[in-house]
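Single-structure report; data block below.
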Amino acid sequence: MVVGPAEPDQRSQGYTLISKTEFASMEDMKFYDEECKAHAEIKKVVRSLAVDGIMTVYFKPQKIAVM
């Protein structure tokens with residue numbers, strides 16, 4: 001997991017903090033989201049904050065772009 005502030009840019013769509021988490025498999029992600037006690041505690045803290053919105057996106061890389 002990595003966390004940091006979003007760069008000021010219209011593409012950020014108003015989001016100011018980004019957290020990126022990568023998992024080896026969908027099963028690992030589901031365990032983290034549904035069963036991990038540490039993640040459950042993080043979710044409690046986030047729910048207690050005055051958060052205007054949360055966006056969650058799941059994706060599996062399909063192609064690698066070489067530039």
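Atom set for the values below is all heavy atoms of this structure, side chains included, hydrogens, waters and symmetry mates excluded.
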Fill in the blank from the handout: ring pair (Phe, Tyr, Trp, His ring centres under 6.0 Å) pairs touching residues 31-67, sequence neighbours excluded, are Phe23-Tyr32, Tyr32-His39
Problem - Pair listing, side chain to side chain donor-acceptor pair (under 3.5 Å) test, anchored in residues 6-15, at least two apart - result: Asp9-Arg11
Practice task
Show the numbers, then the answer: is there a side-chain contact (heavy atoms from CB on, under 4.5 Å) between Val3 and Ile18?
Solution key: CA-CA 6 Å; Val3 178; Ile18 308 302; over 6 Å; no
Exercise for the section: Could you name each residue pair satisfying salt bridge (charged side-chain N to carboxylate O under 4.0 Å, His left out) that touches residues 50-67, not counting sequence neighbours? Expected result: none
Problem - Polar side-chain atom of Lys43 near backbone of Asp33 as donor-acceptor pair, under 3.5 Å - result: yes
Exercise for the section: Not counting sequence neighbours, list each pair that qualifies as a salt bridge (charged side-chain N to carboxylate O under 4.0 Å, His left out) and has a residue in residues 18-27. Expected result: Lys20-Glu22
Completion exercise
side-chain contact (heavy atoms from CB on, under 4.5 Å) filter on Val57, not counting sequence neighbours, yields Met55
Handout entry: Contacts of Glu34 that satisfy side chain to side chain donor-acceptor pair (under 3.5 Å) - sequence neighbours left out
Key = none
Handout entry: NZ-CD1 distance between Lys37 and Ile42, expressed to the nearest 0.5 angstrom
Key = 15.0 Å
Practice task
Establish whether Val46 and Val2 are linked, either directly or via other cluster members, by ILVMFWY side-chain heavy-atom contacts under 4.5 Å.
Solution key: no
